[in-house]
Amino acid sequence: MSSKTPLVSVVMPAYNAEKYISEAIESILNQTFKDFEFIIINDASTDSTPNIIDKYARLDKRIIVLNNERNLNVAKSRNRGIEIAKGKYIATMDSDDRALPDRLKNQFEFLESNKDIAI
């Protein structure tokens with residue numbers, strides 16, 4: 001990742017998500033909005049989830065990988081990612097979801113145009 005602070009931090013915990021995580025990761029990497037960091041927290045998975053995450057991390061420098069030594073569950077894992085997030089905004093993602101290509105663009109533009117909305 002460059003030294004420039006990203007506008008959005010995408011935070012995604014993952015636990016034993018080998019069936020869906022590739023689609024989830026690709027749906028973020030293929031966003032039309034490109035100014036983001038992607039924090040993926042491997043929550044002590046026992047399947048091939050860590051290998052899949054590492055494969056994508058080698059291909060895209062926006063991906064930051066955190067590995068939990070023991071399973072912390074989704075809320076604590078997500079909070080661990082949020083703690084290191086550098087973006088102006090935080091977008092949450094689940095490891096079995098897919099984001100539409102304009103998700104981050106639409107959310108960013110909405111928040112920028114509606115300063116009275118905080119969440």
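Throughout, numbering of the chain's residues begins at 1 and tracks the sequence.
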Sequence neighbours left out, what passes side-chain contact (heavy atoms from CB on, under 4.5 Å) with Asp102? Give chain and number order. Thr32, Lys105, Asn106
Starting from Leu72, can I reach Tyr15 by hopping between I/L/V/M/F/W/Y residues whose side chains sit under 4.5 Å apart? no
Residues in salt bridge (Lys or Arg N to Asp or Glu O under 4.0 Å) with Arg103, at least two apart? none
Is it true that a side-chain atom of Ser45 and a backbone atom of Pro50 form a donor plus acceptor pair closer than 3.5 Å? no
Show every salt bridge (charged side-chain N to carboxylate O under 4.0 Å, His left out) that has at least one partner inside residues 69-85, sequence neighbours left out. Arg78-Asp94
Apply salt bridge (Lys or Arg N to Asp or Glu O under 4.0 Å) to Asp35 and list each qualifying residue two or more places apart in sequence or on a separate chain. Lys4
Locate the shortest heavy-atom distance separating Gly81 from Ile41; write the atom from each residue and the value. CA-CD1, 3.8 Å
Among residues at least two apart in sequence or on other chains, which ones pass salt bridge (Lys or Arg N to Asp or Glu O under 4.0 Å) with Asp60? Arg62
I need the minimum non-hydrogen distance between Tyr56 and Leu29, along with the two atoms involved. CD2-CD1, 3.9 Å
Is there a path of hydrophobic side-chain contacts, each under 4.5 Å between heavy atoms of I/L/V/M/F/W/Y residues, joining Leu111 to Phe33? yes
Sorted by chain and number, sequence neighbours left out, salt bridge (Lys or Arg N to Asp or Glu O under 4.0 Å) with Lys19 holds for none
Straight-line distance of Ser95 OG to Ile21 CD1, nearest 0.5 Å: 5.5 Å
Got Asp43 and Val74 here, is their nearest side-chain heavy-atom distance under 4.5 Å? no
Those residues that, when tested against Glu18, pass side chain to side chain donor-acceptor pair (under 3.5 Å) (two or more places apart): Ser48
Contacts of Asp96 that satisfy side chain to side chain donor-acceptor pair (under 3.5 Å) - sequence neighbours left out: none
side-chain contact (heavy atoms from CB on, under 4.5 Å) partners of Leu59, counting only residues at least two apart: none
Test side-chain hydrogen bond (donor to acceptor under 3.5 Å, both in side chains), reference Asn42, set Asp54, Asn51, Asn67, Thr49, output is Asn67
Non-neighbouring partners of Tyr89 that pass ring pair (Phe, Tyr, Trp, His ring centres under 6.0 Å), sequence neighbours left out: Phe108
In Å and rounded to the nearest 0.5 Å, what is the OG to CD1 distance from Ser9 to Ile64? 7.5 Å
When rounded to the nearest 0.5 Å, the distance separating CG of Leu66 from CD1 of Ile84 is 4.0 Å
Could I get the full list of side-chain contact (heavy atoms from CB on, under 4.5 Å) partners for Ala24, not counting sequence neighbours? Met12, Met93
With the 4.5 Å side-chain cut-off for hydrophobic clustering, are Phe36 and Ile63 part of the same group? yes
If hydrophobic clusters are built by linking Ile, Leu, Val, Met, Phe, Trp and Tyr wherever their side-chain heavy atoms come under 4.5 Å apart, do Ile28 and Leu7 end up in the same one? yes
So the salt bridge (charged side-chain N to carboxylate O under 4.0 Å, His left out) pairs with at least one residue in residues 21-33 (sequence neighbours excluded) are Glu23-Arg98
Would you compute the distance between atom OG1 of Thr46 and atom CG of Asn16 and round it to the nearest 0.5 angstrom? 4.0 Å
Nearest atoms (heavy-atom pairs only) where Glu37 meets Gly87: OE2-N, 3.7 Å
Look up atom CD1 in Ile90 and atom CD1 in Ile82, then write down how far apart they are to the nearest 0.5 Å. 5.0 Å
If Ile, Leu, Val, Met, Phe, Trp and Tyr residues are connected whenever their side-chain heavy atoms lie under 4.5 Å apart, and connections chain through other members, are Leu100 and Phe110 in the same group? no
